[in-house]
Amino acid sequence: MKTQYICSECGTIHPITLTIWKCPSCGGVLDLLKETPSVNPGVWKGYPFSIWRYAESMAFPAETRPWEAVSMGEGQTPLVQLFPGSSEVYVKVDYMMPTLSFKDRGAAALITKANELGAEKVIADSSGNAGTAIAAFAARANIECDVYVSAKTSPKKVDQIQAHGAGIQKILGTREEVAAAAQRAVEQEQVFYASHVYNPYFFEGTKSYAYEIYEQLGRAPETVIVPVGNGTLLLGVYYGFQELLVNNLISHMPKIVAVQAANCAPLAQAYEMGAEIAEAAPAEPTLAEGIAIAAPARSAQILKAVRQTNGTFIRIAEEEILSAREALAGRGFYVEITSAINYAGWLQYRSEEYETVVIPLCGAGIKSS
Ligand SMILES: *Cc1c(COP(=O)(O)O)cnc(C)c1O
Ligand SMILES: [Zn+2]
């Protein structure tokens with residue numbers, strides 16, 4: 001079966017082209033219509049030690065090896081006991097990546113696709129880390145790149161994006177207005193929209209997070225803590241473990257415990273109300289700038305994934321964020337402020353003592369002040 005796009009709303013199938021980024025019929029977000037991969041761990045060692053170790057599970061044509069042009073060794077991050085000697089709580093050090101955040105997993109896959117489609121220019125919008133990752137991998141692949149960011153984005157993240165030669169478009173307005181400006185430019189210039197939110201190839205990259213945990217632990221953990229704004233790590237984790245489960249490599253799905261900032265928690269709100277989609281939240285400012293998404297486009301999929309794994313949502317108050325960052329640094333792990341919320345989420349969640357849990361450290365400490 002040839003991989004195609006399928007609309008998550010109306011089910012219409014669309015060919016994969018350079019310029020399509022949402023359903024032309026109804027505006028819904030697109031998913032990949034593809035064969036479920038048959039996963040054979042025996043072949044992994046024949047591939048690069050990066051996310052491309054799992055290339056045979058990823059929806060790219062087998063006869064080409066496009067990843068070599070755009071890979072920078074992303075993925076294969078350490079899984080470390082948070083409390084030395086205790087095999088219950090692990091951190092996955094996903095800030096050990098080329099651009100210092102987990103977004104490199106998805107950006108490598110997305111720019112690989114853009115490259116395969118012959119893109120000469122891509123446009124992205126981001127609260128910071130996704131834009132940095134897209135800018136870096138676009139530079140690697142020699143593709144021109146514009147990144148739309150909020151005027152409030154951390155100066156360090158803006159510097160990092162510009163260092164890769166990408167154009168910066170600063171938009172005064174909400175995260176949604178930033179995205180809208182990028183989408184207008186995509187339509188006007190007819191270029192590839194390198195969106196971590198809309199383009200499902202991003203998940204072909206982020207699902208490697210689950211594959212790596214499986215390899216590192218030799219099984220699935222009982223629980224994974226996952227921060228959620230747009231859900232690009234969360235959905236990747238879900239798809240990855242699903243693929244391992246249907247291939248009988250793991251015996252159960254880990255519970256997904258999703259963490260949001262209390263000041264911007266549309267998904268937690270919908271979950272608690274039993275709703276199938278999230279209403280746009282009246283967002284107040286939060287220190288966790290990387291997950292401050294008031295209207296996540298894939299809310300239905302995120303809510304379904306958490307419910308299907310018997311997971312839950314956790315809200316973290318502002319005053320817990322900085323102390324969680326200090327506590328992690330006190331154990332040797334210096335994360336950006338947004339990432340401290342993952343640890344705060346675990347602190348709030350840890351009720352059942354003997355379950356194995358993995359906490360992601362998504363972004364490096366030097367990214368925020
Ligand atoms: C992007 C990001 C998140 C959240 O990812 P979503 O895809 O928006 O759910 C969490 N932490 C950090 C550091 C990020 O960069
Ligand atoms: Zn549709």
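Ligands are counted one by one from 1 in listed order, and the atoms in each one are counted from 1 as well. Please read all numbers here as calculations on a predicted model, not as lab measurements. Side chains included, hydrogens not; waters and symmetry mates left out as well; all remaining heavy atoms used.
- Short contacts between ligand 1 and T232, defined as distances under 4.0 Å to a heavy atom of the residue, involve ligand atoms 6 (P), 7 (O), 9 (O).
- At a threshold of 4.5 Å between non-hydrogen side-chain atoms, the residues L79 and L217 count as touching.
- Under the 4.0 angstrom criterion for non-hydrogen atoms, F102 is in contact with ligand 1.
- Counting heavy atoms from C-beta on, the side chains of R298 and Q301 come closer than 4.5 Å.
- Of all the heavy atoms of K103, the ones lying under 4.0 Å from any atom of ligand 1 belong exclusively to the side chain.
- Every atom of ligand 1 with a heavy atom of G229 under 4.0 Å away is listed here by number and element: 6 (P), 8 (O), 9 (O).
- In terms of heavy atoms, I51 sits closest to A108 at CD1-CB, 3.9 Å.
- Checked by distance only, ligand 1 and H196 stay at 3.5 Å or farther apart across all their nitrogen or oxygen atoms.
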Criterion ring-ring contact (aromatic ring centres under 6.0 Å, His included) on W52 and Y47, from CA distance to verdict: CA-CA 7 Å; W52 300 101; Y47 286 87; 9.6 Å; no
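- Closest approach of G231 to F203, counting heavy atoms only: O-CE2, 4.2 Å.
- No donor-acceptor contact under 3.5 angstrom links the side chains of T356 and E88, judged on distance only.
- Proximity to E336 (heavy-atom distance under 4.0 Å) selects the following atoms of ligand 1: 13 (C).
- Ligand 1 places these atoms under 4.0 Å from at least one heavy atom of N129: 13 (C), 14 (C), 15 (O).
- Atom CD of E272 is surrounded by more than 12 heavy atoms from other residues, nucleotides or ligands within 6.0 Å.
- Protein heavy atom in closest approach to atom 12 (C) of ligand 1: C362 CB, 3.7 Å.
- If you look at N230 next to ligand 1, the close heavy atoms, those under 4.0 Å, come from the backbone and the side chain alike.
- In this structure the side chain of F313 reaches within 4.5 angstrom of the side chain of L267, judged on heavy atoms.
- Residue P227 places a heavy atom less than 4.0 Å from ligand 1.
- Considering backbone and side-chain atoms together, G231 places an N or O closer than 3.5 Å to an N or O of ligand 1.
- Side-chain contact check for V122 versus Y193: every heavy-atom pair is 4.5 Å or farther apart.
- Here the protein contributes C7 SG, C10 SG, C23 SG, C26 SG as N, O or S atoms under 2.8 Å from the Zn ion (ligand 2).
- Heavy atoms only, all atoms of each residue included: E318 and L287 are closest at OE1-N, 2.8 Å.
- Contacts between I291 and ligand 1 below 4.0 angstrom, taking non-hydrogen atoms only, involve the side chain exclusively.
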Verdict with supporting geometry, Y54 and E215, side-chain hydrogen bond (donor to acceptor under 3.5 Å, both in side chains): CA-CA 11 Å; Y54 318 109; E215 263 204 287; 2.7 Å; yes
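- The ligand atoms of ligand 1 that sit less than 4.0 angstrom from a heavy atom of V228 are 9 (O).
- Against a heavy-atom cut-off of under 4.0 Å, S339 is close to the following atoms of ligand 1: 13 (C).
- Other residues, nucleotides and ligands contribute over 12 non-hydrogen atoms within 6.0 Å of the CD1 atom of I13.
- Heavy-atom distances between L234 and ligand 1 stay at or above 4.0 Å for every pair.
- Crowding of E279 atom CD: a count of heavy atoms from other residues, nucleotides or ligands under 6.0 Å not exceeding 12.
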